[in-house]
Amino acid sequence: MLRILLICVAHVLLVNVLAAQHLPIDAKASEETKNLYANLQRLSDQGVMFGHQDDLAYGVNWKYENGRSDVKEVVGDYPAVVGWDLGHLELKSTINLDSVPFANMRAYVRQVYGQGGLNTFSWHLKNPVDPAKSSWDKQDSTIQQLFADKKAMRKYKSWLNEVASFMKSLKGPNGEAIPVVFRPLHEHNGSWFWWGRDHASPEEYKQLYRFTVEYLRDKKKVHNLLYAYSPDKFKTKEEYLERYPGDDYVDLIGFDVYHRPNTADTVDTFVADTRRMVELLREIGKERNKVYAITETGLERISQPDWWTETLLPIIQNSGLSYVLLWRNGRPDHYYAPYPGQASASDFKSFYQNPGTLFGKEVKAANLYGPAAPATEAKAASGR
Ligand code: BMA
């Protein structure tokens, strides 16, 4: 009797340990990738990492100057997360669709990793059925044609081969593959990309997402990726999950949402609507044991000087989000993070100081790629 009881207790303990351990969908994920995934989960209890697209590559009025970052020039610290885009890698171009040289990108990824931060990748790829056309091609039935047309499929596979070699070429100081978040086929519940809602059925989208994961993971044996699923804004859980490829294909769930003030979208409605989406995401994340994030956001040109503490902070505070990524500082009329002298710079400093936000120094202290230790106070450890 006692023996049976002990076996039962041991079983319960084992099940709990396994459930608590967050494992990526790739059973062969590298050690650092597994560590990263468990640490993302752990760190999300302590604060939300701040991210910025192309942060090290350029900012408002500068380009490709080593060590620079608009964020750092305002708060004295790099973002915790930096986003990159692989668009045009598929064409074997040496620069991406926003002119970032892929050779530089590789070096920036290494820099972020060396600083203990996280890299994420989106991919504004061309249309493999009609490669002259961009991501923004609105041709109906592209996915269906892709699977029906051998030539188009060969093209898509050759593009994935480029992605696979690029991802494998990301190496840390000891030759280890740098783990990154890959967020393919994003904003698919909008219809502005060829993989979008009006151009494909839910099943077709899922088929393409699954194919993409399986090709990179199983065929090309890329083992340093965490996969993100990230539609645009949504209203209900059902809508969010309509095109979800399944728990075996997704590590991180997120969504993209931009603040575009107009008469219908005041600060209050934007905060309330977005917070609601975050709450739905939190529920889905808990149910499916997935890390969750706001994968793109921002107010273009940050015309509201207190946007950081009055709009973004109430959305992300005590949310369990892993990170929030602001879009790129592309041009003086198209930027989403402040730079010195920008109207929201001083408010951004308060946002930085808030205990709920995590930047470069804090993630460095959290050791994202090391064995997942029990929760520690990242803020305290970083000395901020
Ligand atoms: C959009 C804009 C474009 C850019 C694209 C891909 O939101 O920033 O200028 O080319 O993202 O990065």
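All values reported here derive from a predicted model rather than from experimental measurement. Just follow the structure's listing: the first ligand is 1, and inside any ligand the first atom is 1.
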Ligand-side contact atoms (ligand 1) for residue partner His334, heavy atom cut-off under 4.0 Å: 2 (C), 8 (O), 9 (O)
Aromatic centroids of Tyr249 and Tyr209 separated by under 6.0 Å: no
His186/Phe193 aromatic ring centres below 6.0 Å: yes
Ring-ring centroid check His334 Trp327, cutoff 6.0 Å: no
Closest candidate by heavy atom, reference atom 6 (C) of ligand 1, pool Asp85, Val100, Asp98: Asp98
Nearest neighbour in protein (non-hydrogen) for atom 5 (C) of ligand 1: Trp136 CH2, 4.0 Å
Atom pair CZ (Phe121) and CZ (Phe182), whose distance is rounded to the nearest 0.5 Å: 9.5 Å
For atom 9 (O) of ligand 1, the protein heavy atom that lies nearest, with its residue and separation: Arg328 NH2, 2.8 Å
Step-by-step side chain to side chain contact (heavy atoms under 4.5 Å, CB included) determination, Phe211 to Lys157: CA-CA 10 Å; Phe211 177 86; Lys157 285 184 181 170; 3.7 Å; yes
Polar atom proximity, Trp327 to ligand 1 (N or O, under 3.5 Å): yes
